[in-house]
Protein chains: 2
Amino acid sequence: MRPEDAAAIRDLPLFSDAQEETFGDLVRAGFLQRFPPGVVLINERDPADFLHVVVEGLVEMFATGSGRDTTISIVRPVGTFILAAVLNDQVYLQSARTLEKSQVLMIPAERVRVALGTDPAFARAVVTELARGYRRAIKEVKNQKLRTGAERLSNWLLKEDVAQGASGVVNLGFEKRVLSSLLGMTPENLSRAFSTLREHGVTIHGAQMRLTDRQALARLAQPDPLIDSDE
Amino acid sequence: MRPEDAAAIRDLPLFSDAQEETFGDLVRAGFLQRFPPGVVLINERDPADFLHVVVEGLVEMFATGSGRDTTISIVRPVGTFILAAVLNDQVYLQSARTLEKSQVLMIPAERVRVALGTDPAFARAVVTELARGYRRAIKEVKNQKLRTGAERLSNWLLKEDVAQGASGVVNLGFEKRVLSSLLGMTPENLSRAFSTLREHGVTIHGAQMRLTDRQALARLAQPDPLIDSDE
DNA sequence: CGCGAGATTGATGGTAATCAACGAACGTGG
DNA sequence: CCACGTTCGTTGATTACCATCAATCTCGCG
């Protein structure tokens with residue numbers, strides 16, 4: 001692992017307060033692996049053997065059921081996934097696949113559970129991280145149950161614009177089909193939703209989306225911090 | 001508080017492993033309050049001042065947005081709510097209202113956060129409980145994104161039947177409009193979904209629902225432990 | 001240049017929300 | 001005890017939203 005990667009992981013909210021020894025143990029016990037795009041890293045229903053940290057690349061969390069499948073979230077560097085399954089020693093509820101060439105640190109679940117008992121600061125960080133994930137999931141339920149597809153898209157655009165520097169230009173880092181699944185709609189409907197948003201100042205150029213009138217878009221989206229904020 | 005109520009709270013997964021002192025502190029610091037039906041206990045957007053424990057009665061967690069509102073969950077005795085907001089000292093994402101005459105123990109948030117630092121067993125239980133809530137929420141996202149309304153209703157019926165003793169008779173403990181909102185549909189659509197389920201062995205008599213052919217219902221519902229199981 | 005995957009557009013059907021009316025159940029007050 | 005009113009649930013008609021199927025288009029790449 002490159003020193004700057006180790007430093008980035010150390011700076012994660014989950015690890016930043018942990019004792020040096022705890023952090024060292026976890027990272028030393030972990031495997032840093034490289035994967036090409038499109039590789040399935042974990043499968044729902046499998047027992048949770050590793051906590052995963054995306055060091056580089058892009059990972060899609062998805063789930064299947066009733067003959068359909070849906071994207072639950074996109075994990076960027078440096079983010080972790082399936083912490084909850086690891087802690088309670090349960091099976092994964094979601095599957096994960098790489099969207100790009102990626103580098104993933106895999107930490108044995110048992111080590112994480114041990115660290116939880118030996119390092120109170122780490123335990124506190126785990127609580128914070130879990131609570132954050134819990135709240136994110138509740139927000140997603142609200143997003144799905146309270147909004148139409150076009151509203152979800154509008155709010156996603158506004159949020160992503162801010163995340164990318166509020167320049168009014170949003171670059172989609174993955175395929176539109178993935179975005180449509182993340183937003184809970186079909187690719188066809190996403191395409192139509194984009195057409196609708198043209199009248200509200202959204203223009204598409206391939207994977208690049210321009211927001212020319214963010215106020216108009218916000219009027220349509222009606223963003224709500226209790227759904228859209230990351231905190 | 002009646003001794004049997006205290007004992008029931010003590011037996012909660014969240015408290016059962018805690019030190020006697022921790023538990024005593026939390027309960028002594030708490031207020032046990034009685035509320036008539038229809039009272040709003042907490043409002044989304046308000047800072048999280050108390051951890052709530054439903055000792056008796058029934059509480060609906062709900063949320064608003066985009067001019068609509070939706071039921072997120074129903075909390076029965078003895079269950080807790082808004083643990084995540086309390087731990088991270090944030091605002092509530094959900095509101096709560098009593099559906100029946102209820103008795104609720106309110107524990108000051110600050111005490112909970114302190115106990116987290118002084119009692120490792122309690123901290124471990126909090127982690128387990130949070131992870132459980134997180135996974136429940138992810139399951140609910142899957143339920144919403146992967147299933148139709150009739151499928152959600154069928155699975156709810158099957159699960160509730162088991163919870164009530166697998167007698168094939170399910171008693172709805174609250175209004176149908178609440179159930180419809182919990183399932184993410186309108187009251188009208190719930191009514192129509194029930195009609196559809198008649199052909200699959202479901203008959204309605206007021207608030208009592210009979211499942212006369214659970215196999216047929218299961219064929220329609222296609223229950224999935226990764227969505228429907230409580231664990 | 002031609003292929004193929006992804007994206008778009010069109011046509012259609014299904015699922016769900018909305019609006020409106022009616023009916024059943026319950027509680028209250030006469 | 002009954003009449004009335006309110007609330008909840010159901011049913012019907014209509015509209016909006018979304019999924020599906022099919023065809024075409026775009027673009028990157030061999």
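Treat the numbers as computed from the prediction; the structure is a model and nothing was measured. Chain letters run A, B, ... following the sequence lines, proteins first, then strands; residues in each count from 1.
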Report which part of the nucleic acid B:Glu175 touches: base, sugar-phosphate, or nothing (heavy-atom distance under 4.0 Å, all strands). sugar-phosphate
Would you indicate what A:Thr186 reaches in the nucleic acid, counting non-hydrogen atoms under 4.0 angstrom: base, sugar-phosphate, or nothing? base
Is it the case that more than 12 heavy atoms not belonging to B:Arg68 sit under 6.0 Å from its CZ atom? yes
Is atom CD of A:Glu199 surrounded by more than 12 heavy atoms (other residues, nucleotides or ligands) closer than 6.0 Å? yes
Once side chain to side chain donor-acceptor pair (under 3.5 Å) is applied, do any residues pair with B:Glu60, and if so which ones, sequence neighbours excluded? B:Thr71, B:Arg97
Scan residues 196-212 of chain A against DNA chain D and write down, sorted by residue number, each residue with any heavy atom closer than 4.0 Å; if none is found, say none. none
Starting the side chain at C-beta, find the nucleotide from D:dT10, D:dA19, D:dT11 nearest to A:Met185. D:dA19
So do the side chains of A:Thr196 and A:Leu153 get within less than 4.5 Å of each other, counting heavy atoms only? no
Write down the distance between [atom1] ([X]) and [atom2] ([N]), rounded to a whole number of angstrom.
X        : N      : atom1 : atom2 : result
B:Glu188 : D:dC8  : CD    : P     : 13 Å
B:Arg192 : D:dA13 : CZ    : P     : 10 Å
A:Asn189 : D:dA19 : CG    : P     : 5 Å
A:Lys176 : D:dC25 : NZ    : C1'   : 13 Å

At a 4.0 Å cut-off to heavy atoms of chain A, the contacted part of DNA chain C spans C:dG6 to C:dA11
Please assess B:Glu160 against B:Arg76 for the test salt bridge (Lys or Arg N to Asp or Glu O under 4.0 Å), listing each intermediate value before the final yes or no. CA-CA 13 Å; B:Glu160 192 63 18; B:Arg76 301 178 152 95; 3.1 Å; yes
